[in-house]
Enquirer: 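The structure's right below; bear with me while I get my questions together.
Order of the sequence lines sets the chain letters (A, B, ...), proteins ahead of strands, with each chain counted from 1. This structure is a prediction, so every number in the text was calculated from the model and none was measured.
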Number of protein chains: 2
Amino acid sequence: MAELRSDARRNLERVLDAAERVFAASGPAASIDEIARLAGVGHGTVFRRFPTKDDLMYAVIERHVAQLQAMAEEALAADDPGEGFFDFARRAAELMMGTPGIHKCVVHCGEKPGAAELEHLGRKLVSRAQRAGALRRDIEPAEVGPLVRAALLAAPPGHWRRYLDIVLDGLRA
Amino acid sequence: MAELRSDARRNLERVLDAAERVFAASGPAASIDEIARLAGVGHGTVFRRFPTKDDLMYAVIERHVAQLQAMAEEALAADDPGEGFFDFARRAAELMMGTPGIHKCVVHCGEKPGAAELEHLGRKLVSRAQRAGALRRDIEPAEVGPLVRAALLAAPPGHWRRYLDIVLDGLRA
DNA sequence: CCTGAAGCGGACTCTGCAGTCCGCTTACGT
DNA sequence: ACGTAAGCGGACTGCAGAGTCCGCTTCAGG
């Protein structure tokens, strides 16, 4: 990655920026051609760095996952497990809903990228809250994320916070 | 519809049956070719009866919508508004989740077909339950359906009942 | 500078879909 | 039984997007 020629590095950056914007706007349905056009490069250039569209999507997603991971770690350090969980849910939702298209990409990928770590943190967060009696126990820790995400995506543009409240209320013990 | 030649009527039936099965399996992504193949007809035959894929989808969906409508009317007649609503939700979910692909088609169409009536019934059902104090008031009657449907579709295959419970709990006053 | 390797980009292929068209077939009234 | 209009089906078109390839351009080291 450091071995790239200067023009190549510049183009790579442009591609990633464009991809982020286009995926954010159109979700997984975004086309490589559109990204290349916005980046001001030929689409062959995109494919040289990212052999498939999914590869590019992962690259874009990875930055977001990193942010979520930091939040999750912080939440795990909270004194009150219940509050840690609900705060995290709200903050994560705020982040994801800033770029709904990318949110859809995450759902689309089944979170394959480097999300094993994040998923692990999420599970810990949930089961800690369950043990503390703040969360209903009849749901698997791994299932909470998908449920919340689905509710967020189903909401009409401005109203996802209401949907989130409802689902979080439903999750309470 | 009664003016059809006998072979045409038979083919029409075959097409609808095949479409139902294929849409149920693959959702809105199903291809006309696959439906035609399963029906044992050329795809030109499908297009003669249903000029666009959406037309065919509507035809398939309509039967399901009719069933839901009957349920909704029954639920509106229930003594307890809250119970009427929650029973309807569970029964409707049971019906829809029997054919998840068709459920996806319904979501895909934004329920255009003849669903104005059903939507109206749904709104009445919700606002009646809200007035009776059985349902939280900070959600529009028209928003309840999408939220519930999204949760159902997000559930891993066998577990949608759990997801439904959670969302319905969240909806309680 | 000059050169060769790295990089570029767009023309090209391939795939899969919706939707059209028309020569052939078949049901059905007489 | 036969004439004809209704019906059939598959070859065809058009489109859009993913991924490939290769002749040309540009960077960077000597």
Enquirer: Please list residues of residues 22-42 of chain A whose heavy atoms come under 4.0 Å from any atom in DNA chain D, ordered by number; otherwise none.
Expert: A/Ala30, A/Ser31, A/Ile32
Enquirer: Please determine if A/Arg123 and A/Glu140 form a salt bridge, counting it only when a charged side-chain N lies under 4.0 Å from a carboxylate O.
Expert: no
Enquirer: B/Phe47 and B/His43: aromatic ring centres closer than 6.0 Å?
Expert: yes
Enquirer: Measure from CG on A/Asn11 to P on D/dC27 and round the result to the nearest Å.
Expert: 10 Å
Enquirer: If we ignore hydrogens and angles and just use 3.5 Å, is the side chain of B/Tyr163 paired with the main-chain N or O of A/Glu143 as donor and acceptor?
Expert: yes
Enquirer: Taking heavy atoms of chain B and a 4.0 Å limit, find me the 5'-most and 3'-most nucleotide of DNA chain C within that range.
Expert: C/dC17 to C/dC28
Enquirer: For the pair A/Arg128 and A/Asp80, find out whether any cationic side-chain nitrogen is under 4.0 Å from an anionic carboxylate oxygen.
Expert: no
Enquirer: With nearest nucleotides of DNA chain C determined for A/Gly44 and B/Pro51 from heavy-atom distances, which residue corresponds to the more 5′ nucleotide?
Expert: A/Gly44
Enquirer: What nucleic acid atoms does B/Arg10 come within less than 4.0 Å of, heavy atoms only: base, sugar-phosphate, or nothing?
Expert: nothing
Enquirer: In this structure, how many angstroms lie between the C1' atom of D/dT20 and the NE2 atom of A/His43, rounded?
Expert: 8 Å
Enquirer: Donor-acceptor pairs under 3.5 angstrom involving side-chain atoms of residues 14-29 of chain B: please list them, not counting sequence neighbours.
Expert:
unit_1: B/Glu20; atom_1: OE1; unit_2: B/Arg63; atom_2: NH1; d: 2.9
unit_1: B/Glu20; atom_1: OE2; unit_2: B/His64; atom_2: NE2; d: 3.1

Enquirer: Would you confirm whether A/Gln130, through its side chain, and A/Ile139, through its main-chain N or O, come within 3.5 Å as a donor-acceptor pair?
Expert: yes
Enquirer: Is there a side chain to side chain contact (heavy atoms under 4.5 Å, CB included) between B/Glu117 and B/Val65? Walk through the geometry before answering.
Expert: CA-CA 10 Å; B/Glu117 179 60 20; B/Val65 167; over 6 Å; no
Enquirer: Would you say that B/His108 contacts B/Asp54 through its side chain, given a criterion of any heavy-atom pair below 4.5 Å between the two side chains?
Expert: yes
Enquirer: Around atom CD of A/Glu94, are there more than 12 heavy atoms from other residues, nucleotides or ligands closer than 6.0 Å?
Expert: yes
Enquirer: Ignoring hydrogens and angles, tell me if any N or O in the side chain of B/Asn11 forms a donor-acceptor pair with the backbone of B/Ala8 under 3.5 Å.
Expert: no
Enquirer: Roughly how many Å is it from NZ in A/Lys53 to C1' in D/dG19, rounded to a whole number?
Expert: 12 Å
Enquirer: Write down the protein N/O and nucleotide N/O pairs, taken from nucleotides 28-30 of chain D, whose separation is under 3.5 Å; answer none if there are no such pairs.
Expert:
unit_1: D/dA28; atom_1: OP1; unit_2: A/Ser6; atom_2: N; d: 3.1
unit_1: D/dA28; atom_1: OP1; unit_2: A/Ser6; atom_2: OG; d: 3.2
unit_1: D/dA28; atom_1: OP2; unit_2: A/Ser6; atom_2: OG; d: 3.4

Enquirer: Rounded to whole angstrom units, what separation is found between the CZ atom of A/Phe50 and the P atom of D/dA18?
Expert: 15 Å
Enquirer: What residues form a side-chain contact (heavy atoms from CB on, under 4.5 Å) with A/Asp79, not counting sequence neighbours?
Expert: none
Enquirer: Using the criterion of both pairing distances under 3.5 Å for Watson-Crick and G-U wobble pairs, give all stems of 3 or more consecutive pairs involving DNA chain C.
Expert: C:1-30 with D:1-30
Enquirer: Considering only NZ, NE, NH1 and NH2 on the basic side and carboxylate oxygens on the acidic side, decide whether A/Asp169 and A/Arg172 come within less than 4.0 Å.
Expert: yes
Enquirer: Run the side chain to side chain contact (heavy atoms under 4.5 Å, CB included) test on A/Leu164 and A/Phe86 for me, step by step, so that the C-alpha distance in whole Å, both residues' side-chain angles and the decisive distance to 0.1 Å come before the verdict.
Expert: CA-CA 10 Å; A/Leu164 179 61; A/Phe86 288 108; over 6 Å; no
